Amino acid sequence: QVQLVESGGKLVQAGGSLRLSCAASGRTFSNYVMGWFRQAPGKERESVAAISWTGGSTYYADSVKGRFTISRDNAKNTVYLQMNNLKPEDTAIYYCAAELWGSVYSPPTMFGSWGQGTQVTVSP
C-alpha cells in the first residue's frame with residue numbers, strides 16, 4: 001500500500017482559501033486514483049474530490065463544485081486540494097486516500113490507503 005501524509009489544514013475565516021497537500025510514498029503514485037474526503041463531527045465520511053492517474057479526469061461533490069480544485073503532481077508524489085470561498089459547513093477533518101487502478105467515482109470504501117487527516121475549521 002501507499003503511505004499518505006496530509007498537511008495544510010488550519011483555522012480560516014469564511015470566504016478565505018486554503019490549499020491542502022497530501023504526500024505519498026511507498027508505491028508507484030501514478031498507478032493510484034487519489035481522493036479527498038471529509039468527515040464532520042457526527043456525520044459520515046463523504047467524498048469531496050478525486051483525480052485520475054494522469055489528472056485527466058476529476059470528480060467533485062456538488063457542495064464544492066466551483067470552489068475546490070483537485071490536482072496532482074506525479075513527479076512530486078503529491079496531490080493537492082485548493083479550497084476557495086470556504087464556508088463554515090466545510091469544517092471537517094480532511095483525509096487523503098488512494099485507490100489502486102480505481103475510478104474517480106469510487107465510494108470511500110473502495111480506497112485502500114488513507115492518511116491521518118488534517119483539520120480544517122472555517123469560522124463564520
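FYI, the numbering just counts along the sequence from 1. Quick caveat: nothing in here was measured; it's all calculated off a predicted structure.
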K.L.:
Check whether Met34 and Tyr105 end up in the same hydrophobic cluster, where Ile, Leu, Val, Met, Phe, Trp and Tyr are linked by side-chain heavy atoms less than 4.5 Å apart.
P.N.:
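In one cluster: yes.
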K.L.:
Dump the intermediate steps for side chain to side chain contact (heavy atoms under 4.5 Å, CB included) on Met83 and Tyr94, then the final yes or no.
P.N.:
CA-CA 12 Å; Met83 305 186 293; Tyr94 282 72; 3.9 Å; yes
K.L.:
Which pair of non-hydrogen atoms, one from Asp62 and one from Lys65, has the smallest distance, and what is that distance?
P.N.:
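Taking Asp62 first and Lys65 second, the nearest heavy atoms are OD1-NZ, 3.2 Å.
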K.L.:
Working to the nearest 0.5 Å, report the span between CE of Met110 and CG of Leu100.
P.N.:
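Between atom CE of Met110 and atom CG of Leu100 there are 10.5 Å.
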K.L.:
I need the minimum non-hydrogen distance between Ser47 and Tyr59, along with the two atoms involved.
P.N.:
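In terms of heavy atoms, the two residues are closest at CB-CE2, 4.0 Å.
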K.L.:
Supply the atom-to-atom distance Gln3 CD to Ser25 OG, rounded to the nearest 0.5 angstrom.
P.N.:
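Answer rounded to 0.5 Å: 4.5 Å.
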K.L.:
For Thr78 and Lys76, indicate whether the former's side chain and the latter's backbone hold a donor-acceptor pair under 3.5 Å.
P.N.:
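Yes, because the side chain of Thr78 sits within donor-acceptor range (under 3.5 Å) of the backbone of Lys76.
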K.L.:
Check Arg67 against Leu86 and note the closest heavy-atom contact, atom names and distance.
P.N.:
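What the structure gives for the nearest pair is NH1-CA, 3.9 Å.
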K.L.:
Can a cation-pi geometry be assigned to Arg72 and Tyr32, taking NZ or CZ under 6.0 Å from the six-membered ring centre and within 45° of the ring axis?
P.N.:
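So Arg72 doesn't make the cation-pi contact.
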K.L.:
Evaluate the side-chain proximity of Tyr95 to Arg38: yes if any heavy-atom separation is below 4.5 Å, no if none is.
P.N.:
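Answer no - side chains too far apart.
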K.L.:
Please answer whether the main-chain N or O of Gly56 pairs with a side-chain N or O of Ser52 as donor and acceptor at a distance below 3.5 Å.
P.N.:
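Confirmed, Ser52 side chain pairs with Gly56 backbone.
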K.L.:
Whether the side chain of Thr58 engages the backbone of Ile51 through a donor-acceptor N/O pair (distance < 3.5 Å, no angle test) should be reported.
P.N.:
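Side chain of Thr58 to backbone of Ile51: no pair is present.
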K.L.:
Under a 4.0 Å N-O cut-off, is there an ion pair linking Lys87 with Asp90?
P.N.:
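Judged by the 4.0 Å cut-off on N to carboxylate O distance, Lys87 and Asp90 do not form a salt bridge.
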K.L.:
Any side-chain heavy-atom pair from Gln82 and Phe68 closer than 4.5 angstrom?
P.N.:
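Of all side-chain heavy-atom pairs linking Phe68 with Gln82, none is under 4.5 Å.
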K.L.:
Just jot down the side-chain contact (heavy atoms from CB on, under 4.5 Å) partners of Gln1, sequence neighbours excluded, or say none.
P.N.:
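In terms of side-chain contact (heavy atoms from CB on, under 4.5 Å), with neighbours along the sequence ignored, Gln1 is linked to Ser113.
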K.L.:
Got Thr69 and Leu81 here, is their nearest side-chain heavy-atom distance under 4.5 Å?
P.N.:
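Thr69 vs Leu81: side chains apart.
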K.L.:
Please name the pair of heavy atoms, one in Tyr80 and one in Asp73, separated by the smallest distance, quoted to 0.1 Å.
P.N.:
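That would be CE1-CB, 4.2 Å.
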K.L.:
Just wondering, more than 12 heavy atoms not from Gln116 lying within 6.0 Å of its CD?
P.N.:
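Yes.
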K.L.:
Can you tell if the side chain of Trp36 reaches within under 4.5 Å of the side chain of Val79, non-hydrogen atoms only?
P.N.:
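They are in side-chain contact.
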K.L.:
Any donor and acceptor pair, going by atom type alone, linking the side chain of Gln39 with main-chain N or O of Ile93 inside 3.5 Å?
P.N.:
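Checking the backbone N and O of Ile93 against the side chain of Gln39, no donor-acceptor pair under 3.5 Å is found.
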K.L.:
Can you give me every donor-acceptor pair (side chain of residues 12-24, partner residue at least two apart or in another chain, under 3.5 Å) with its distance?
P.N.:
from: Ser17; atom 1: OG; to: Asn84; atom 2: OD1; distance (Å): 3.0

K.L.:
Find out whether Val33 and Trp53 are in side-chain contact, i.e. whether some heavy atom of one side chain is under 4.5 Å from a heavy atom of the other.
P.N.:
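Of all side-chain heavy-atom pairs linking Trp53 with Val33, at least one is under 4.5 Å.
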K.L.:
Using the benzene-type ring in the case of Trp, are the ring centres of Trp114 and Phe37 under 6.0 Å apart?
P.N.:
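Yes; Phe37 has its ring centre under 6.0 Å from that of Trp114.
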K.L.:
Might you work through the side chain to side chain contact (heavy atoms under 4.5 Å, CB included) test for Leu11 and Ser123, ending with a clear yes or no?
P.N.:
CA-CA 7 Å; Leu11 172 65; Ser123 63; 4.3 Å; yes
